[in-house]
Amino acid sequence: MSKGVTSQSKDYAKWYTDVVQKAELADYAPVKGCMIIRPYGYALWENIKSNLDKMFKDTGHVNAYFPLLIPEEFIKREAEHVEGFAPEVAVVTHAGGKKLEKPYVLRPTSETIIWSAYKKWINSYRDLPLLINQWANVIRWEMRTRLFLRTTEFLWQEGHTAHETAEEAKAEAIKMINVYKKLAEEYLAMPVYVGTKTENEKFPGAVETYSIEALVGDKKALQSGTSHYLGQNFAKAFDVKFQNKSNEQEYVYASSWGVSTRLVGGIIMTHGDDKGLILPPKIAPHQIVIIPIYRDDSDKNKVMNLWKKIETTLKEKNIRFKFDNREELTPGFKFNEWEMKGVPVRVEIGPRDADRNGVVTVRRDNREKKFPSLEEFLENITNLLDTIQKDMFSKQLKFREENTFDITNYDELKEVVEKGGYARTFWAGDSELEDKIKDETKATIRCELFEKTKESGKCFYTGKDSEVQVIISKAY
RNA sequence: CGGGAUGUAGCGCAGUCCGGCAGCGCACUUCGUUCGGGACGAAGGGGUCGAAAGUUCAAAUCUUUUCAUCCCGACCA
């Protein structure tokens with residue numbers, strides 16, 4: 001691994017791609033816009049995935065798998081859906097050495113193929129709710145791509161639920177966006193705003209879209225998860241009816257929701273610094289890294305004896321650790337390498353520590369160095385990881401608060417867009433006005449906030465009274 | 001698809017203007033000394049100079065064509 005990365009202040013975009021590659025999260029693939037997720041990056045995704053999957057199970061969802069290939073005709077059934085996705089779907093036209101009579105699209109999302117199956121599975125209100133999730137890859141042909149943030153192929157999960165009533169389906173969508181908020185805040189240490197997308201920004205085919213919006217290191221918004229109340233749009237497109245309790249045929253109400261490998265990009269940009277990644281302990285592939293230091297065999301024996309005492313306890317405490325005993329590298333090199341990879345705690349054990357029966361610990365997030373006794377260390381390590389997790393969240397929450405500005409007019413919006421961060425204000429404009437603002441400032445309404453700072457106020461642009469409070473920012 | 005740039009060892013680059021043995025740094029291999037913040041020495045290995053055609057005694061270098069990638073815009077989770 002070569003030295004260092006481009007500094008954030010010099011070139012944030014370059015810093016980002018440097019970190020992704022030098023921390024060995026991902027590499028470029030031979031296909032434009034695609035990436036190879038390397039073992040360290042995949043381990044990170046697996047940790048996100050396993051925590052989230054548990055939350056899905058806890059909320060009554062089950063996993064299934066639907067095909068990658070979707071009959072092209074399916075995508076076209078829902079008018080808004082086809083219009084929204086047409087530019088970015090890849091189509092398979094040839095197979096088996098022949099041109100296909102009916103082409104397939106590579107799924108950009110699975111609503112259509114899933115609802116074609118739901119038609120077969122749903123007959124009565126007794127079949128509802130149907131709460132299915134799938135972990136899958138999807139393909140969206142984007143014009144411009146960036147590792148993790150926007151790739152042609154990406155990994156995600158998509159939940160697709162079917163319900164008896166509009167209220168229930170909508171409640172499901174809101175429940176799941178809050179699951180995402182919990183994931184982001186408690187596991188990824190990323191504070192997020194939660195709200196409703198405007199008509200301009202919502203998912204094609206949805207009645208309403210909800211999102212979580214993070215604020216990353218260069219003060220731009222990152223949409224990190226979405227959840228949709230689909231109404232009866234897909235049920236109508238695929239003719240999915242059920243017999244309700246009054247013995248009538250009725251279209252089913254739906255929700256869908258997803259988060260993707262984009263979250264990995266969010267973690268990198270939320271926490272990283274000029275030394276590389278900083279990972280939250282709950283999802284870090286290695287929560288601590290232990291680096292032995294010795295020069296001769298007698299030192300080595302002492303250090304290895306110390307390590308044996310540590311290893312057993314770490315296993316008992318279920319801590320994910322890495323013992324880096326590579327002989328050919330100096331400790332200094334390893335310090336830098338594991339800092340690049342964002343391991344939350346570094347533990348140094350050398351002859352001096354062995355002599356006093358202690359260790360040296362260094363936190364990645366604030367670089368705090370301590371010299372605890374072995375006993376203190378083993379007793380406090382779990383607490384230390386918890387503390388780091390909380391401190392990382394607090395730091396980012398403070399950063400977000402410092403970069404959220406309440407505005408009252410258009411000039412103030414332009415100022416906020418100029419310096420970065422969120423502009424928070426009331427909004428009474430329409431779709432056209434939103435487009436105009438986007439054209440003029442490059443900023444968009446990220447969402448209409450669920451949690452408003454006050455009940456109502458005046459729209460910053462039209463001056464009309466409004467009960468809709470929004471955040472506006474440039475976004476990834 | 002428009003505007004800009006770049007393709008030479010795994011990575012980063014020099015060499016191209018003015019044609020003449022394909023180089024440098026890092027990484028890699030072996031041995032020895034090192035090891036508490038990116039160690040040092042010695043000896044090695046690694047190339048279809050993006051691709052094709054042309055000019056020439058001779059092409060990384062000149063000409064033509066072509067492909068790819070990156071950055072800036074329009075699209076997007």
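A note on names: the letters A, B, ... follow the listed sequences, proteins ahead of strands, and every chain is numbered from 1.
Across all strands, A/Val360 comes closer than 4.0 Å to base atoms (heavy-atom distances). Residue contacts for A/Phe203: at a heavy-atom cut-off of 4.0 Å it reaches no nucleic acid atom on any strand shown. Contacts of A/Leu222 with the nucleic acid, taken as non-hydrogen atoms under 4.0 Å apart, are absent. At the heavy-atom level, A/Glu142 lies under 4.0 Å from base atoms of the strands shown. As judged by a 4.0 angstrom heavy-atom cut-off over every strand, A/Lys14 is placed among residues making no nucleic acid contact. Within the 4.0 angstrom heavy-atom criterion, no nucleotide atom of any strand lies near A/Arg326.
Using a 4.0 Å cut-off between a side-chain N of Lys or Arg and a carboxylate O of Asp or Glu, A/Lys395 and A/Asp365 do not qualify as a salt bridge. No salt bridge links A/Arg77 with A/Glu111; every basic N to acidic carboxylate O contact stays at or beyond 4.0 Å. Between A/Glu213 and A/Arg400, no side-chain nitrogen of the basic residue sits less than 4.0 Å from a carboxylate oxygen of the acidic one, so the salt-bridge criterion is not met.
B/rU34 and B/rC40 have their C1' atoms separated by 7 Å, with the value rounded to a whole Å. Taking the P atoms as reference points, B/rA60 lies 9 Å from B/rG20, given to the whole Å. Using atom P as the reference point in both B/rC17 and B/rU64, the two lie 14 Å apart (nearest Å). Taking the C1' atoms as reference points, B/rA43 lies 29 Å from B/rU48, given to the whole Å. Straight-line distance between the P atoms of B/rC28 and B/rC70: roughly 27 Å, to the nearest whole Å. If you take atom P in B/rA9 and the same atom in B/rU55, they sit 28 Å apart, rounded to whole Å. Nucleotides B/rG2 and B/rU66, compared at atom P, are 13 Å apart to the nearest Å. Across the C1' atoms, B/rC49 and B/rG32 are found 37 Å apart, a figure rounded to whole Å.
Atom pair A/Trp141:CH2 and B/rC75:P shows a separation of 20 Å (rounding to whole Å applied). Atom-to-atom, CZ of A/Arg140 to P of B/rC75 comes out at 17 Å; the value is rounded to the nearest Å. Atom CD1 in A/Ile291 sits about 13 Å away from atom P in B/rG38, given to the nearest Å. A straight line from OH of A/Tyr476 to P of B/rC75 spans 18 Å, rounded to a whole angstrom. Going from atom NZ of A/Lys341 over to atom P of B/rG38 covers 20 Å, rounded to whole Å. In this structure, CD of A/Gln21 is placed 15 Å from C1' of B/rA27, rounded to the nearest angstrom. Between A/Leu147 atom CG and B/rC70 atom P there is a gap of 9 Å when expressed in whole angstrom units. As a whole-Å value, the separation of A/Tyr28 OH from B/rU69 C1' is 10 Å.
Between A/Trp427 and A/Leu433 there is a side-chain heavy-atom pair separated by less than 4.5 Å. Within the 4.5 Å cutoff, no side-chain heavy atoms of A/Ile293 are placed close to those of A/Arg352.
In this structure, A/Lys49 is positioned above the aromatic face of A/Trp135, its NZ or CZ under 6.0 Å from the six-membered ring centre and within 45° of the axis.
In terms of phosphate contacts, A/Thr330 brings a side-chain nitrogen or oxygen within less than 4.0 Å of OP1 or OP2 of B/rA39. In terms of phosphate contacts, A/Lys22 brings no side-chain nitrogen or oxygen within less than 4.0 Å of OP1 or OP2 of B/rC26.
Pair assignment for B/rC62: B/rG54, on the basis of Watson-Crick or G-U wobble contacts that are both within less than 3.5 Å. With a 3.5 Å ceiling on both atom-pair distances, the Watson-Crick or G-U wobble partner of B/rA68 is B/rU6. Base pairing analysis places B/rA42 opposite B/rU30; the two distances defining the Watson-Crick or G-U wobble pair are each below 3.5 Å. Applying the Watson-Crick and G-U wobble criteria (two distances, each under 3.5 Å), B/rU48 pairs with nothing in any strand. Using the Watson-Crick or G-U wobble rule with both distances under 3.5 Å, B/rC35 pairs with nothing in any strand shown. With a cut-off of 3.5 Å on both Watson-Crick or G-U wobble distances, the partner of B/rC17 is given as none. In a base pair of the Watson-Crick type (N1 to N3 plus N6-O4 or O6-N4) or a G-U wobble (N1-O2 and O6-N3), with each distance short of 3.5 Å, B/rG12 is matched with B/rC24.
Classified by interplanar angle (parallel below 30°, tilted 30° to 60°, perpendicular above 60°), the ring pair A/Phe234/A/Phe203 is tilted.
Looking at A/Glu339, its side chain comes within 3.5 Å of the base of B/rG37 through a donor and an acceptor atom.
In the region residues 179-200 of chain A, proximity to RNA chain B at under 4.0 angstrom, judged on heavy atoms, holds for none of the residues. For RNA chain B, the residues of residues 292-310 of chain A within the heavy-atom distance limit of 4.0 Å (strictly under) are A/Ile293, A/Tyr294, A/Arg295, sorted by number.
Taking only side-chain atoms of A/Pro331, from C-beta outward, the nucleotide of B/rC75, B/rG73, B/rG36 with the closest atom is B/rG36. Each of B/rC75, B/rC70, B/rG36 was ranked by its minimum atom distance to the side chain of A/Pro351; first place goes to B/rG36. Comparing B/rG37, B/rG38, B/rC75 by their closest approach to the side chain of A/Glu337 singles out B/rG38.
Checking A/Phe335 against A/Phe154, the closest nucleotide of RNA chain B that is more toward the 5' end is the one next to A/Phe335. Nearer the 5' end of RNA chain B, as judged by each residue's closest nucleotide, is the contact made by A/Arg146, out of A/Arg146 and A/Thr151.
Between A/Phe321 and A/Trp307, the ring centre distance stays below 6.0 Å. For A/Phe56 and A/Trp257, the gap between ring centers is short of 6.0 Å. With ring centers used as reference points, A/Tyr229 lies 6.0 Å or more from A/Tyr210.
At distances below 3.5 Å, not a single donor-acceptor pair connects side-chain atoms of A/Arg424 with backbone N or O atoms of A/Thr404. Using a distance-only test at 3.5 Å, with no hydrogens or angles considered, a donor-acceptor pair links the side chain of A/His271 to the main chain of A/Leu188. Panel note: side chain A/Arg364, backbone A/Leu277; a donor-acceptor pair is recorded below 3.5 Å.
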